[in-house]
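One structure is given below, encoded as structure tokens.
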There are 2 protein chains.
Amino acid sequence: MMFSKACEYGIRAAVYIALQSLDNRRVSVNEIAEEIDSPVAFTAKILQQLTRNNIVHSVKGPTGGFEIDREAMDTVKLSKIVKAIDGDKIYVGCGLGLKECNADRPCPLHDKFVDIRTDLRTMLQSTSLYELATGLEVGLTYLKR
Amino acid sequence: MMFSKACEYGIRAAVYIALQSLDNRRVSVNEIAEEIDSPVAFTAKILQQLTRNNIVHSVKGPTGGFEIDREAMDTVKLSKIVKAIDGDKIYVGCGLGLKECNADRPCPLHDKFVDIRTDLRTMLQSTSLYELATGLEVGLTYLKR
DNA sequence: TCAATAAAGGACATTTTTGTCCGAATAATA
DNA sequence: TATTATTCGGACAAAAATGTCCTTTATTGA
Ligand code: FES
Ligand code: FES
């Protein structure tokens, strides 16, 4: 509802890859899709986008798969994933669908909407994959129901 | 991005109807679509939903059109429109797309996401059509670019 | 070198959302 | 009563998002 399905899968996949990379396991699309409960082929497409955007790293061939450097887990924030998949409409779009959000000619919801949108952006820009992966690691959070 | 197109049009239409009802003008779909810059026939469909949900009132025939009681302008909050058109997924859905959002088995983003979602809900539940229409009336806000 | 394994990428299929069209129902008014 | 202006409702169409399939490419290890 806030993010596209593709983006939801992308974030879940990235978090799972980060989790496994924490103990140096490279993971395949099949395993990822299984663990995050997502359609395999569609997930593969999304992983291609993440790879092209240097969010995850991929290796072909046997023993290949996806992984994330320990460093990237800190530097890659959710905002980067969202931007790669959904673009920046979530950051700059008007809540009521005007062609652009513009404080000089605001829609009736502008002021209230901007507050929330800013909170969302701040949250996404400050949340790293590492942070999300560690919650998973200690069993506090889950990637599927 | 946050709301569907249908919902965006629905809110803009409702605000415009409220604005005109402030000085007792009933408005037609054609006028509404013109003034909020939306596709006429699609807007008509959305207005039907708003009518069925008692958000606006419609009158058929010549001199007919849409209107909103002065009282309803206060009691109808944006949350009612959003719920009528987009349902309640925006309020109860998991940000990462898990089948349901559940604090007992949260996704990695749950805590941070819930904060923002709650702010959004609170904002929608506390914002009335009257409030939005008055900003328009005095020329502070706009419904099209 | 060859078979097996995995990602990459393109074409296609399905579903959902967005949008259109047209006839029926309703009501005002001449 | 006939005409006209309006919403209502259903069927349809187009576009976008979601999802599938299959072939190619890279890499490993026997
Ligand atoms: S103009 Fe609508 S949110 Fe800024
Ligand atoms: S479980 Fe994901 S937002 Fe609550």
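Lettering follows sequence order; numbering is per chain, from 1.
Here the side chains of A:Glu137 and A:Leu19 are in contact, with some heavy-atom distance below 4.5 Å. When side chains are defined from C-beta on, A:Asp111 does not count as touching A:Asp115, because their heavy atoms never get closer than 4.5 Å. The side-chain heavy atoms of A:Ile36 and B:Leu96, taken from C-beta on, include no pair separated by under 4.5 Å.
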Can you tabulate the close N/O pairs, meaning under 3.5 Å, that link protein atoms to atoms of nucleotides 12-16 of chain C?
none

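Ion pair B:Arg25/B:Glu31 flagged as a salt bridge, since at least one NZ, NE, NH1 or NH2 atom sits closer than 4.0 Å to an Asp/Glu carboxylate oxygen. With respect to the salt-bridge test (charged N to carboxylate O, under 4.0 angstrom), the residues B:Asp37 and B:Arg12 do not qualify.
Atom pair B:Glu67:CD and D:dT6:P shows a separation of 14 Å (rounding to whole Å applied). At whole-Å resolution of the value, CZ in A:Phe3 and C1' in D:dA17 are 17 Å apart. Atom NZ of B:Lys5 is separated from atom C1' of D:dA17 by 15 Å (rounded to the nearest Å). Between the CZ atom of B:Phe42 and the C1' atom of D:dA15 there is a distance of 12 Å, given to the nearest Å. Distance B:Glu34 CD to D:dT6 P: 14 Å, rounded to the nearest Å.
DNA chain C lies under 4.0 Å from no heavy atom of any residue of residues 24-33 of chain B. For residues 45-60 of chain A, proximity to DNA chain D is found at A:Lys45, A:Lys60, defined as any non-hydrogen atom under 4.0 angstrom from a strand atom.
Between A:Tyr9 and D:dG19 there is a side-chain polar atom (N or O) within less than 4.0 angstrom of OP1 or OP2.
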Go through it in stages, so that I can follow the logic: the residues are B:Lys112 and A:Glu131, the test is salt bridge (Lys or Arg N to Asp or Glu O under 4.0 Å), and I'd like the CA-CA distance, side-chain angles, deciding distance and then a yes or no. CA-CA 12 Å; B:Lys112 296 180 175 202; A:Glu131 182 180 351; 2.7 Å; yes

Go through A:Ser4 and A:Asp86 one step at a time and tell me if the side chain to side chain donor-acceptor pair (under 3.5 Å) criterion holds. CA-CA 7 Å; A:Ser4 67; A:Asp86 282 349; 2.6 Å; yes

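Using cut-offs of 30° and 60° on the angle between ring planes, the pair A:Phe113 and B:Phe3 is tilted.
A cation-pi geometry, defined here as NZ or CZ lying under 6.0 Å from the six-membered ring centre and within 45° of its normal, does not hold between A:Arg117 and A:Tyr91.
Shown here is A:Lys83, whose NZ atom has no more than 12 heavy atoms of other residues, nucleotides or ligands within 6.0 Å.
Residues B:Leu140 and B:Leu143 are members of separate hydrophobic clusters, defined by side-chain heavy-atom contacts under 4.5 angstrom among Ile, Leu, Val, Met, Phe, Trp and Tyr.
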